[in-house]
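Read through the structure below, which is laid out as structure tokens, and then see the notes.
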Amino acid sequence: MEVRSESVTSTQARSDIKLPHPSAVLKPRVQVWFVRVCSSILVWTCLVQLFAAGELWHSRIFTGLTNQIFRFSAPLEPVPLPPPLPPPRNYTSNGILLVSCNGGLNQMRSAICDMVTVARLLNLTLVVPELDKTSFWSDPSGFEDIFDVRHFIDSLRDEVRILRRLPKRYRKKYGYQMFEMPPVSWSDEKYYLKQVLPLFSKHKVLHFNRTDTRLANNGLPLPLQWLRCRVNFQGLKFTPQLEALGSKLVRILQQRGPFVALHLRYEMDMLAFSGCTHGCTEEEAEELKKMRYTYPWWREKEIVSEERRAQGLCPLTPEEVALVLKALGFEKNTQIYIAAGEIYGSERRLSVLREAFPRIVKKEMLLESAELQQFQNHSSQMAALDFMVSVASNTFIPTYDGNMAKVVEGHRRYLGYKKTVLLDRKKLVELLDLHQNKTLTWDQFAVAVKVAHEKRTGAPTHRRVISDKPKEEDYFYANPQECLCEAYYLIASARGRHAKHWNGSCIVPAPSFSPFLFVTFSAFLHSC
């Protein structure tokens, strides 16, 4: 009985709870629906009024609004997906290779390509290369400040495993004694396989403390030569910030018409290094000599400037360049971009050249100071901007065959043999002196200059091989012929050229090596 009483009490308690009336629930819903209907009517009324206004007055505001409406209502274009990454190469690493590049930007660029190739040959793990911070330019830029490090690692993952930094346990500050060595210059694959690879069985990490010209130009297996090209033309991209500013420079120049990129290497470091003082005052010549003695790694100290000039080993002066350009047929209104740092003697030495070609410009004249601010005092980053402009120019003319001149020349060959005037400085010095002492008239001088450069425009040609003097033979990166021939056949066909333009000047790669060649050919055809 007690239990039943509790049950009854519980039932009564539940019955005492008041449920909301259905009309009370419906009332808020009706209010929300009413507000929505009124809002819709108000919006559509406004739109109708705007349409009517557009019909009466053809209002620009109305047109812009309707365009925006249609733009937002139209289906969005699909964003192209990035190309898939190549599958990582599966291999057992024989050790870790750490490299410290030396020299300027383009010397380091070539060294990076060589070191990736060495790491691939020896089945090593490569650490992202260290860049030179102690050279004449004292540029503190690291790899990631100049090149897209993520792209570098990802695009080469099917060839070499690349680490962003050396693992902590192998660093000096943690007590690890690293084995350091400079590889022998101009070495072939046998040197690295027989003399360098065995060192990794004893030392887990090897540090190459110098990397310039440590791989031979010629005689290497074709897959190694192709890999050097792949790193150079595809693996090494500048940072997005540098790419954007370089593209803007090129766009500004192209909007003004065709342009010549003049790599005027009449800079203080080059003159001091080469010992060339032609056209300088006695005070300037003494200043350059003092600089040469300041840097112990510039081994040659006592240099006779006029002897060096007669051998064609000096960069042309701005005054000489003005005469040569006029003799080659460039008109006064030619747009010329100076791809160089500070010219020694500044505007005083440029005055004759500027008088002959008033449309001379530099990056500092084309860009706002704020745009260049983050790159100033970083010579390699400023050189990267000049590099991009030089590659894109209608004509490229270097006044000295340094590393930038050579690497740009190779890139322009890769892009379909774009015109590059390779000045014969030894011949030019002879002609200039004859013209200056009035032995040659201007017409005779101009004809002689043109004849001397008819076949020096970056056309297909074999690299010159001097087996016992590798330093004097043609540089691989100036003419990577093994990477260009089949692609040149394709691009020549696309442009309707005849086979005679090829002239049998390069080795045809084996068709079995197809993946890289396919990418290379695609890049060529895209450039058409």
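Values below: every heavy atom of this structure, side chains too, minus hydrogens, waters and symmetry copies.
Annotation: salt bridge (Lys or Arg N to Asp or Glu O under 4.0 Å) contacts involving residues 100-110, sequence neighbours excluded, are absent. Applying the salt bridge (Lys or Arg N to Asp or Glu O under 4.0 Å) test to pairs two or more places apart or on separate chains, those with a residue in residues 384-410 are Lys363-Asp386, Asp401-Arg425, Glu409-Arg413. Contacts classified as side chain to side chain donor-acceptor pair (under 3.5 Å) and involving residues 187-197 (residues at least two apart or in different chains) are not found. Residue pairs meeting the ring pair (Phe, Tyr, Trp, His ring centres under 6.0 Å) criterion with at least one member in residues 195-219, sequence neighbours excluded: Phe179-His203.
Side-chain atoms of Thr239 never come within 3.5 Å of backbone atoms of Asp148 as a donor-acceptor pair (strictly under, hydrogens ignored). Between the side chain of Asn102 and the backbone N or O of Thr211, at least one donor-acceptor pair lies under 3.5 Å.
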### Task
Begin from the C-alpha positions of Glu180 and Arg210 and carry the test salt bridge (charged side-chain N to carboxylate O under 4.0 Å, His left out) through to its verdict.
CA-CA 10 Å; Glu180 295 187 356; Arg210 290 186 71 85; over 6 Å; no

### Task
Take Tyr344 and Glu287, measure what side chain to side chain donor-acceptor pair (under 3.5 Å) needs, and give me the verdict at the end.
CA-CA 11 Å; Tyr344 191 55; Glu287 181 182 35; 2.4 Å; yes

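Residues passing the side-chain hydrogen bond (donor to acceptor under 3.5 Å, both in side chains) test with Arg292, sequence neighbours excluded: none. Residues satisfying the ring pair (Phe, Tyr, Trp, His ring centres under 6.0 Å) criterion with His151, sequence neighbours excluded, are absent altogether.
Side chains of Arg89 and Arg161 form no contact here, defined as non-hydrogen atoms less than 4.5 Å apart.
No hydrogens or angles considered: nothing links the side chains of Tyr400 and Ser274 as a donor-acceptor pair under 3.5 Å.
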